[in-house]
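Here is the structure we will look at, set down as structure tokens.
Per chain, numbering begins at 1; letters A, B, ... match sequence-line order.
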Protein chains: 2
Amino acid sequence: MHGGLARPASRRPRPDTRVCSQCEGREFNMCRDLDAVELAQVKAISTPLHLDAGATLIEEAAPADHAFNLTHGVAKAFKLLPDGRCQVTGFFTAGDFIGLSRDGLYPYSVVALTPLSLCRFERPRLRPLLDECPKLGRQLLRMMTDDLLIAQDQMLLLGRRTARERVICFLLMQSDRAVRQHRPADLIDLPMTRGDIGDYLGLTIETVSRTITQLKGEGLIALKGHHALAILEMDRLMEESGRDMGLGDPVV
Amino acid sequence: MHGGLARPASRRPRPDTRVCSQCEGREFNMCRDLDAVELAQVKAISTPLHLDAGATLIEEAAPADHAFNLTHGVAKAFKLLPDGRCQVTGFFTAGDFIGLSRDGLYPYSVVALTPLSLCRFERPRLRPLLDECPKLGRQLLRMMTDDLLIAQDQMLLLGRRTARERVICFLLMQSDRAVRQHRPADLIDLPMTRGDIGDYLGLTIETVSRTITQLKGEGLIALKGHHALAILEMDRLMEESGRDMGLGDPVV
DNA sequence: CGGCGAGTTGAAGCCTCTCAATTGCTGTGG
DNA sequence: CCACAGCAATTGAGAGGCTTCAACTCGCCG
């Protein structure tokens with residue numbers, strides 16, 4: 001289905017996801033600060049899991065029995081309205097923690113956009129570990145703070161930005177993510193469909209497509225097939241995004 | 001400015017906010033599970049603070065030196081785009097924790113809608129307390145999970161709901177909050193302006209006003225001045241909101 | 001009682017959506 | 001390896017919901 005999308009990542013030999021030291025997400029995930037002993041404790045309650053592209057990891061409103069560390073691949077989280085309207089609340093990549101819940105039910109569905117590798121935990125067994133190992137809790141708190149701040153940025157985007165601004169912001173987000181993962185800032189791959197992007201940005205497929213075409217026409221970006229593109233004019237995009245660019249000194 | 005809005009709350013004698021046992025937010029805030037000794041530890045690093053309606057508690061992008069427990073009143077948090085477009089990311093009430101940050105800067109501004117009472121903490125002194133007292137961290141994690149889930153619901157609202165649905169959802173949110181605070185579900189007071197509501201829902205003042213007028217015209221609600229209203233047809237509103245109403249058994 | 005800000009109401013315009021048809025990938029099977 | 005099938009993406013035309021701009025009304029506080 002979306003199988004081919006994983007190509008760029010799967011060309012390099014995939015690391016053995018059973019070995020924490022080879023975990024792609026190690027740099028960011030909840031285990032980041034753990035030493036060998038603590039790591040072993042976490043590993044003791046985790047089972048490896050692999051999913052094909054298109055497979056459903058989590059069903060919205062199902063009992064939240066498990067939590068996951070994503071170690072490889074890209075997934076989308078989304079919520080549905082009864083009539084089928086869809087909001088993608090975020091995309092997960094290596095290092096992300098999946099499976100928060102408050103009321104014992106998953107708040108959203110999660111579907112694999114590329115083949116996934118994960119560490120699976122039974123939530124009941126995760127709790128005591130959190131008490132034993134405060135580092136884990138602290139890192140989790142940090143990650144949740146990040147997520148919350150990102151969510152608030154997204155509210156601003158969904159509530160107040162124009163379609164063009166939304167698409168530009170999205171491209172810059174992907175660029176940021178690429179940099180975080182030690183890939184070049186101007187080469188972006190898009191494992192998700194235009195529909196996913198639209199559902200993430202609160203737009204329709206057509207508007208996303210038209211906007212991307214427009215940006216291409218203005219020479220700001222160049223398409224590399226449907227699932228990758230290059231940013232040609234990073235500065236112009238940054239200007240138009242209206243994002244904070246790390247407040248440079250005022251132009252006194 | 002918004003002074004009058006505090007009336008309903010300030011008519012009952014305001015509890016002494018220096019005494020934790022009288023704290024309005026005790027039921028929900030981060031101190032909830034603490035015993036007397038731990039409470040004393042928290043109190044030792046906190047200073048009481050009072051703000052007038054309209055006053056700014058936090059300025060977006062200012063150094064995040066403090067964190068706060070809101071013990072009385074209502075405040076709004078919002079983010080601004082360079083051209084003045086505003087997104088209200090949430091409203092704070094008694095019990096809420098204010099002052100998250102990741103990069104040392106506040107991610108949003110916070111302005112008092114009614115007179116506020118708060119406990120103020122210096123963030124550097126809060127960190128060690130978190131290590132000492134795991135209950136604090138756990139409750140904070142719970143509260144952040146709530147906030148994140150609420151933020152994701154808000155994304156769905158901003159990205160995919162119509163203006164009418166947004167306003168209805170907003171009213172039902174206020175109703176939920178009223179219930180949580182042991183007030184009747186069908187009497188809602190609105191300490192915020194129509195502009196604040198619009199900035200929260202991603203709509204203009206005019207659209208909010210028109211929609212409320214429409215709901216009134218249909219007999220679903222009744223206005224009690226500009227800053228309070230009654231819900232007359234809770235069921236109809238629930239239906240139209242498209243919110244989960246706690247999945248009743250399927251109609252086989 | 002009077003003024004001012006907040007809220008309401010109206011008319012016109014625009015951005016985005018909807019519906020529909022065409023084009024172009026992408027991965028497969030011959 | 002190439003051609004084809006099927007879905008994704010693009011493109012176009014028209015409609016509609018929300019915004020914008022503007023005038024008016026209401027209600028609160030001095």
Side-chain angles (χ1 to χ4, degrees), chain A residues 1-8 10 52-54 76 81 83-87 113-115 157-168 189-217 221-229, chain B residues 1-8 52-54 76 83-87 113-114 157-168 189-217 221 223-229:
Chain A
M1 180 182 277
H2 310 267
L5 316 180
R7 261 185 290 111
S10 56
D52 292 332
K76 66 171 173 178
L81 287 173
D83 64 358
R85 280 173 290 175
C86 173
Q87 178 67 37
L113 297 178
T114 70
L157 180 146
L158 292 170
R160 289 307 183 204
R161 288 190 199 271
T162 65
R164 183 182 169 95
E165 288 169 340
R166 292 182 203 197
V167 171
I168 291 176
D189 70 344
L190 302 169
M192 63 293 284
T193 66
R194 299 289 188 270
D196 293 331
I197 298 173
D199 286 340
Y200 182 58
L201 299 178
L203 301 170
T204 59
I205 294 181
E206 294 92 329
T207 300
V208 172
S209 178
R210 271 186 257 270
T211 307
I212 288 179
T213 302
Q214 192 188 19
L215 295 176
K216 185 184 64 176
I221 61 173
L223 299 191
K224 313 284 190 190
H226 284 157
H227 295 287
L229 58 79
Chain B
M1 179 183 276
H2 311 267
L5 316 181
R7 262 184 292 109
D52 293 332
K76 65 170 172 178
D83 65 358
R85 279 173 290 175
C86 174
Q87 179 66 38
L113 298 178
T114 70
L157 180 146
L158 292 169
R160 289 306 183 207
R161 288 188 199 273
T162 65
R164 183 183 169 95
E165 288 170 339
R166 293 183 202 196
V167 171
I168 290 176
D189 68 345
L190 302 170
M192 65 291 287
T193 66
R194 298 289 188 269
D196 293 331
I197 298 174
D199 287 339
Y200 182 58
L201 299 178
L203 301 171
T204 59
I205 294 180
E206 295 92 330
T207 300
V208 172
S209 178
R210 272 185 257 268
T211 307
I212 289 179
T213 302
Q214 191 187 18
L215 296 176
K216 185 184 66 178
I221 61 173
L223 299 191
K224 312 284 190 192
H226 283 156
H227 295 288
L229 59 80

Mind checking what makes side chain to side chain contact (heavy atoms under 4.5 Å, CB included) contact with B:Thr162, not counting sequence neighbours? A:Arg85, B:Arg164, B:Glu165

Answer yes or no: is there a side-chain heavy-atom contact under 4.5 Å between A:Leu81 and B:Arg161? yes

List in chain and number order the residues that pass salt bridge (Lys or Arg N to Asp or Glu O under 4.0 Å) with A:Arg160, two or more places apart in sequence or in another chain; answer none if no residue qualifies. B:Asp199

Side chain to side chain contact (heavy atoms under 4.5 Å, CB included) with A:Ala222: which residues, sequence neighbours excluded? A:Leu232

Is A:Thr211 close to A:Arg166 at the side-chain level, that is, under 4.5 Å between some pair of heavy atoms? no

Taking only N and O in the side chain of A:Ser209, is any of them less than 4.0 Å away from OP1 or OP2 of D:dA8? no

Pair listing, salt bridge (Lys or Arg N to Asp or Glu O under 4.0 Å) test, anchored in residues 205-217 of chain A, at least two apart: none

When rounded to whole Å, the CD1 to P distance for the pair A:Ile212 and C:dT23 reads 21 Å

Here the distance between atom P of D:dA22 and atom CD1 of B:Ile205, to the nearest Å, is 15 Å

Using whole Å, report how far CG of A:Leu223 lies from P of D:dT10. 7 Å

Specify the angle, to 10°, made by the local axes at the two ends of the helix from C:dC1-D:dG30 to C:dG30-D:dC1 when five pairs are taken at each end. 40°

Between CG on residue B:Leu229 and CG on residue B:Leu190, distance to nearest 0.5 Å: 5.0 Å

Give the rounded distance in Å between these two atoms: CZ of B:Arg194 and P of D:dG27. 12 Å

Nearest-Å distance for atom pair NZ/P, residues B:Lys224 and C:dG7: 18 Å

Just by protein heavy atoms under 4.0 Å, how would nucleotides 15-22 of chain C read 5' to 3' in B, S and -? -SSBBB--

Under 4.5 Å between any side-chain heavy atoms of B:Val167 and B:Leu203, yes or no? yes

May I have the distance from B:Leu215 (atom CG) to C:dT8 (atom P), rounded to whole angstrom? 12 Å

B:His226 atom NE2 is separated from C:dA6 atom C1', nearest whole Å, by 7 Å

Could you go through the side-chain contact (heavy atoms from CB on, under 4.5 Å) check for A:Thr193 and A:Asp196 one step at a time? CA-CA 5 Å; A:Thr193 66; A:Asp196 293 331; 3.3 Å; yes

Could you state the CD-C1' distance from A:Gln214 to D:dT11, rounded to the nearest angstrom? 14 Å

